[in-house]
There are 2 protein chains.
Amino acid sequence: MSPMKLNPVSERFILHWGEMGSKWGVNRTVSQIHALLYLAGKPLPADEIADTLGVARSNVSNSLKELQNWKLIKIVHVMGDRRDHFDTSTDVWELFRVVVAQRKEREFDPTIGVLRDCLDSGDINKEDKATRQRIQDTLGLMESLSAWGDEMLRLEPSTLMKVMKLGAKIQSLIRSG
Amino acid sequence: MSPMKLNPVSERFILHWGEMGSKWGVNRTVSQIHALLYLAGKPLPADEIADTLGVARSNVSNSLKELQNWKLIKIVHVMGDRRDHFDTSTDVWELFRVVVAQRKEREFDPTIGVLRDCLDSGDINKEDKATRQRIQDTLGLMESLSAWGDEMLRLEPSTLMKVMKLGAKIQSLIRSG
DNA sequence: CAGAAATTTCTGTTGCAAGAGAAAGTTTTG
DNA sequence: CAAAACTTTCTCTTGCAACAGAAATTTCTG
């Protein structure tokens, strides 16, 4: 099959998304596939993805599995076609929320665990007081961020948007409240 | 020189920080060096860093330059020692702020530029309406986050802390205000 | 249930970032 | 200004993630 031709803007979007992903520790092909599905806005079969992006079918297969682990895509079926098709949300806020929640769960929370563990261990007394305090501070920051993240993630996108729009005005609310 | 011995907790902290860095697109050695300087809480010379972490002197040199580009460390001098010493803030909030600001500037803002560019280009009309809308939505989300980030980064750590403590309670303030 | 279609797993390759060590360069000091 | 101390730049190596293609497996269809 000859490579499926993307519109120039879609191509640019997808390529840039791939670069972005790399810089944040996400495999380039994985990012690109997700960008493609997002822009397509409709379920695509794996071979069409491979064809469009010009990567090996097996690479697509593994990347799709990865995206499923991230809960960013799901398998759907199209009438009269036995191939699996893959679909992602077209709601960018929802996608954002999922990515943040996943990274928090995978990397942030475990780190909090390690820090707690460090502070609980008998070995902690071998460290000098100031070092101990810095580990404690780090844990404190991460716990605050974690708790705040959980609360924010629970809000509706529209509410979250309002919170952000409020921005720094929140300062005055804190003083008054 | 024989490798300088770290306390077990420091070692664990530094190793874990290195792993964390990798997952977020930061070079492992770079993360480790920063963690070491943070825990040490005092300026260290490059050779002592190389020695403590067991990596090549040249690697340390390049990593230190990288950390300076990130504005996370600076060169200081110690009386009676002609070697450069490297120092980082021991204020974890300040460090957090710098990292967020840098990543925003390096990766987030340029992406906003690309998206604007996409939407301004003549080629955008080749895309179908729904795709165009999704690019527009993506830009909207990123612009909101960017503006909000700028405002938050301007706040004092202590204020920022209060904002986070407020958490979801902010919802009611929005309704009332 | 045989053959076809689709998918996944396995195996080997490749490209590149990360890093070591040598060489070159710079700064300091007597 | 020569030698020593220190730092950076350069070059080559290495390890590993990313990937391709083949082989194996599963699922579907008449």
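Letters A, B, ... mirror the listed sequences (proteins, then strands); counts begin at 1. As a basis for the values below, the full set of heavy atoms in this structure was taken, side chains included, without hydrogen atoms, waters or symmetry mates.
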*Side chains of B:Trp24 and A:Glu107: do they bring a donor and an acceptor to under 3.5 Å?*
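There is such a pair (donor and acceptor under 3.5 Å, judged by atom type) between the side chains of B:Trp24 and A:Glu107.
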
*Assign each of A:Ile75 and A:Arg82 to its nearest nucleotide of DNA chain C by heavy atoms, then name whichever residue's nucleotide is nearer the 5' end.*
A:Arg82

Rounding to an integer number of Å, can you tell me how far [X] [atom1] sits from [N] [atom2]?
X	N	atom1	atom2	answer
A:Leu64	C:dT7	CG	C1'	11 Å
A:Glu66	C:dT9	CD	P	14 Å
A:Lys65	C:dT7	NZ	P	13 Å
B:Gln68	D:dT7	CD	P	12 Å
B:Glu48	D:dT7	CD	C1'	17 Å
B:His77	D:dA5	NE2	C1'	13 Å

*Does the B:Tyr38 side chain pair with the main chain of A:Arg134, one donor and one acceptor, at a distance under 3.5 Å?*
yes

*Could you tell me whether the side chain of B:Ser22 and the main chain of B:Gly18 form a donor-acceptor pair under 3.5 Å?*
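Looks like yes, one N/O pair under 3.5 Å.
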
*Side-chain ion pair, A:Arg83 and A:Asp47, N-O less than 4.0 Å*: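 Between A:Asp47 and A:Arg83 there is a salt bridge, with a charged N closer than 4.0 Å to a carboxylate O.
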
_In terms of relative ring orientation, are B:Trp93 and B:Phe96 parallel, tilted or perpendicular, with 30° and 60° separating the classes?_
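Ring orientation, 0 to 90° scale: perpendicular.
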
*Approximate separation, where rounding is to 0.5 Å, of A:Arg97 CZ and A:Leu95 CG*: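 Answer rounded to 0.5 Å: 11.0 Å.
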
*Sugar-phosphate atoms are those with a prime plus P, OP1 and OP2; base atoms are the rest. Using that split, label each nucleotide of nucleotides 15-21 of chain C B, S or - for protein heavy atoms under 4.0 Å, 5' to 3'.*
---SSBB

